[in-house]
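Worksheet for the structure shown next.
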Amino acid sequence: MAVITRYIVVRNGVELDQVFTVKKEAEAYDKMLEAAEALSRFIKKNGKDIDLDEKTIDAVSVFLSKNGPEVTKILRNVKPLAPRPKPAAEKKADQPAPEKEKAAKNKVKPKIN
């Protein structure tokens, strides 16, 4: 009798068809799927002018994730055409609160003799 350890990736409570015998391979597959989900969310949120159905976006996202190193090489030297505006929440986080700014100005520094 043989004992075989199998690793199954579970996403959103659903077991996927892929079965792995090596834990590292299962973890790499899971990370690839996480990247694909992030890409898919990004395209759906920001690609309003792209006329693709959800299934196609998901397929393209998985393809790009599976080929991440090659895609990274291709995009390495690409600069954005125009800076994206920061959401209001990020702008507020970047600016110091007025009371903190006043406290910082009024802070007494110890003298070193």
Side-chain angles (χ1 to χ4, degrees):
M1 180 168 100
V3 176
I4 300 171
T5 302
R6 293 185 182 185
Y7 298 94
I8 301 169
V9 178
V10 178
R11 306 283 303 163
N12 302 323
V14 178
E15 287 186 11
L16 303 181
D17 295 335
Q18 290 281 59
V19 177
F20 300 91
T21 56
V22 179
K23 186 177 179 181
K24 270 189 168 182
E25 290 175 3
E27 289 173 344
Y29 186 76
D30 185 50
K31 286 184 181 189
M32 182 276 302
L33 291 176
E34 286 178 14
E37 285 180 5
L39 279 169
S40 184
R41 282 192 307 273
F42 175 78
I43 293 169
K44 290 172 186 172
K45 180 181 175 187
N46 299 305
K48 303 295 182 197
D49 56 337
I50 300 174
D51 188 26
L52 296 174
D53 61 89
E54 210 169 303
K55 190 174 180 180
T56 304
I57 291 172
D58 292 341
V60 169
S61 297
V62 169
F63 174 79
L64 291 173
S65 294
K66 282 182 178 178
N67 296 287
E70 291 83 9
V71 172
T72 301
K73 286 178 190 175
I74 293 167
L75 297 176
R76 180 174 295 141
N77 295 320
V78 174
K79 303 283 187 246
L81 297 176
R84 291 180 30 202
K86 288 185 178 180
E90 285 184 29
K91 287 180 184 178
K92 289 180 182 177
D94 289 344
Q95 298 173 352
E99 53 276 350
K100 287 184 181 178
E101 195 172 302
K102 288 178 186 176
K105 286 181 182 178
N106 296 332
K107 189 175 183 181
V108 178
K109 295 182 182 178
K111 292 181 181 179
I112 300 174
N113 292 334

Positive for side chain to side chain contact (heavy atoms under 4.5 Å, CB included) with Tyr29, one of Lys24, Gln18, Glu34: Gln18
Heavy-atom pair with the smallest gap, counting every atom of Tyr7 and Thr21: CE1-O, 3.7 Å
Validation row: Ile57, Val60 side chains within 4.5 angstrom (heavy atoms): no
Under 3.5 Å: donor-acceptor pair, side chain of Thr56, backbone of Leu52: no
All pairs passing salt bridge (Lys or Arg N to Asp or Glu O under 4.0 Å) where residues 52-69 contributes a residue, at least two apart: Lys44-Glu54, Lys44-Asp58
Minimum side-chain heavy-atom gap Phe20-Val9 below 4.5 Å: yes
Backbone N/O of Ala26 and side chain of Asp30: donor-acceptor pair under 3.5 Å: no
same_hphob_cluster(Leu75, Phe63) at 4.5 Å side-chain heavy-atom cutoff: yes
CG on Asn67 to NZ on Lys73, rounded to 0.5 Å: 11.5 Å
Passing option when Ser65 is tested against Leu39, Leu33, Val71 for side chain to side chain contact (heavy atoms under 4.5 Å, CB included): Leu39
Side chain Ser40, main chain Ala36, donor-acceptor under 3.5 Å: no
Over 12 foreign heavy atoms within 6.0 Å of CD, Glu15: no
From CD (Glu37) to CE (Met32), nearest 0.5 Å: 10.0 Å
